[in-house]
Q: 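Here it is: the structure, laid out below.
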Amino acid sequence: VQLQASGGGLVQAGGSLRLSCVASGNIFSINVMGWNRQAPGKERELVATITSGGSTNYADSVKARFTISRDNAKNTVYLQMNSLKPEDTAVYYCNADITTMTWGKPSDRNYWGQGTLVTVSS
């Protein structure tokens, strides 16, 4: 199983970016998907999560500015980021709780993507 994130880049403060993350491989089902970020010199923090049913959760710092969504048919999670601020500058990582089937036996694991850099200039 692999998660491939894309969509990062350089944007001015107040601008927007849309991140995408596609899961591929021997996937039986995908449960919670999410985005985390790590700014230089800081610990990784949760940004947003979304369940398979569409329930969402956001960090207080991004509420009303970021929107997480997913396309279950495409095994893809998105993060629409609006009104970006310099403090949103970070490497953004997607992750997902994925069930795989091997010889008829399910296995649940949390997988991480490689990260995509978002830089917001002031």
Side-chain angles (χ1 to χ4, degrees):
V1 175
Q2 290 187 328
L3 271 65
Q4 181 70 42
S6 62
L10 174 64
V11 64
Q12 288 189 333
S16 298
L17 280 176
R18 189 192 195 208
L19 306 183
S20 300
C21 177
V22 181
S24 62
N26 180 31
I27 296 170
F28 179 75
S29 65
I30 303 178
N31 307 306
V32 178
M33 304 185 83
W35 290 93
N36 296 261
R37 67 186 181 186
Q38 187 165 19
K42 295 187 176 181
E43 294 187 352
R44 191 173 297 189
E45 63 174 357
L46 175 70
V47 176
T49 61
I50 183 168
T51 68
S52 57
S55 296
T56 58
N57 181 56
Y58 296 92
D60 288 342
S61 59
V62 307
K63 280 181 181 176
R65 298 189 298 122
F66 291 9
T67 302
I68 189 170
S69 61
R70 63 191 281 174
D71 185 332
N72 291 329
K74 296 181 179 180
N75 291 339
T76 301
V77 62
Y78 305 96
L79 186 68
Q80 178 66 44
M81 304 185 294
N82 299 327
S83 302
L84 282 161
K85 304 176 181 180
E87 51 264 43
D88 294 319
T89 295
V91 177
Y92 284 71
Y93 299 91
C94 59
N95 73 307
D97 292 330
I98 295 176
T99 300
T100 58
M101 293 289 282
T102 303
W103 297 105
K105 293 185 178 180
S107 177
D108 298 323
R109 222 195 89 178
N110 188 251
Y111 293 85
W112 288 80
Q114 86 288 1
T116 184
L117 177 62
V118 172
T119 303
V120 184
S121 62
S122 57

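Please read these numbers as outputs of a predicted model, since none were measured by experiment.
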Q: Side-chain donor-acceptor pair under 3.5 Å between Asn82 and Gln80, yes or no?
A: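 Distance-only check passes for Asn82 and Gln80.
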Q: Run the side-chain hydrogen bond (donor to acceptor under 3.5 Å, both in side chains) check on Thr99 and Asp108 step by step: do they pass?
A: CA-CA 4 Å; Thr99 300; Asp108 298 323; 2.4 Å; yes
Q: Leu79 vs Tyr92, test: side-chain contact (heavy atoms from CB on, under 4.5 Å). Steps then yes/no.
A: CA-CA 10 Å; Leu79 186 68; Tyr92 284 71; 4.2 Å; yes
Q: Could you check whether any side-chain N or O of Arg65 sits under 3.5 Å from a backbone N or O of Ser83, counting only pairs where one atom can act as donor and the other as acceptor?
A: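 Between the backbone of Ser83 and the side chain of Arg65 there is a qualifying donor-acceptor contact (under 3.5 Å).
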Q: Check step by step if salt bridge (Lys or Arg N to Asp or Glu O under 4.0 Å) holds for Asp60 and Lys63.
A: CA-CA 5 Å; Asp60 288 342; Lys63 280 181 181 176; 3.2 Å; yes
Q: Going from CD1 on Ile27 to CD on Gln2, what distance comes out if it is rounded to the nearest 0.5 angstrom?
A: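 Interatomic distance, Ile27 CD1 to Gln2 CD, rounded to 0.5 Å: 10.0 Å.
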Q: Hydrophobic clusters here meaning ILVMFWY residues chained together by side-chain heavy-atom distances under 4.5 Å, can you tell me if Val120 and Met81 are in one?
A: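 Val120 and Met81: one cluster.
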Q: Considering all heavy atoms of both residues, which atom of Trp35 and which atom of Leu19 are nearest to each other, and what is their separation?
A: CH2-CB, 3.6 Å
Q: Do Val32 and Tyr78 sit in the same hydrophobic cluster, where Ile, Leu, Val, Met, Phe, Trp and Tyr count as joined when their side-chain heavy atoms come under 4.5 Å apart?
A: no
Q: Measure the CZ-OG distance between Arg18 and Ser20 for me, rounded to the nearest 0.5 Å.
A: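 Output value for this atom pair is 5.0 Å.
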Q: Would you kindly say whether Ser52 and Asn31 are connected by a side-chain donor-acceptor distance under 3.5 Å?
A: no
Q: Rounded to the nearest 0.5 Å, how far does CE of Met33 lie from OG1 of Thr56?
A: 14.5 Å
Q: Could you tell me whether the side chain of Thr116 and the main chain of Gly8 form a donor-acceptor pair under 3.5 Å?
A: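 It does hold such a pair.
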Q: Under the side-chain contact (heavy atoms from CB on, under 4.5 Å) criterion, do Val47 and Tyr58 qualify, and how do the steps go?
A: CA-CA 6 Å; Val47 176; Tyr58 296 92; 5.9 Å; no
Q: Mind jotting down which residue pairs meet the disulfide bond (SG atoms under 2.5 Å apart) criterion with at least one end in residues 4-122? Sequence neighbours excluded, please.
A: Cys21-Cys94
Q: Cationic tip of Arg37 within the cone over Tyr93's six-membered ring, i.e. under 6.0 Å and within 45° of the normal?
A: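 Relative to the ring axis of Tyr93, which defines the angle, Arg37 lies outside at least one limit.
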Q: For side-chain contact (heavy atoms from CB on, under 4.5 Å), just list the numbers for Tyr111 and Asn95, CA-CA rounded to whole Å, side-chain angles, deciding distance to a tenth of an Å, and then say yes or no.
A: CA-CA 5 Å; Tyr111 293 85; Asn95 73 307; over 6 Å; no
Q: Give a yes or no on whether the backbone of Lys74 and the side-chain of Thr76 come within a donor-acceptor separation of less than 3.5 Å.
A: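 Indeed, once roles are kept as given, a pair shorter than 3.5 Å links the two residues.
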Q: Tell me whether Val91 is reachable from Val118 by hopping between hydrophobic residues (I, L, V, M, F, W, Y) whose side-chain heavy atoms are closer than 4.5 Å.
A: no
Q: Give a yes or no answer on whether the side chain of Arg70 reaches the backbone of Thr51 with a donor-acceptor pair at less than 3.5 Å.
A: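 Answer holds: yes.
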Q: From the options Ile50, Leu46, Ile68, select the one residue that forms a side-chain contact (heavy atoms from CB on, under 4.5 Å) with Asn57.
A: Leu46
Q: Using only atom types and a distance under 3.5 Å, with no angle test, would you say the side chain of Asn110 pairs donor to acceptor with the backbone of Ile98?
A: no
Q: Which atom names give the shortest non-hydrogen contact between Ala23 and Ile30, and what distance separates them?
A: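 That closest heavy-atom pairing would be CB-CD1, 3.9 Å.
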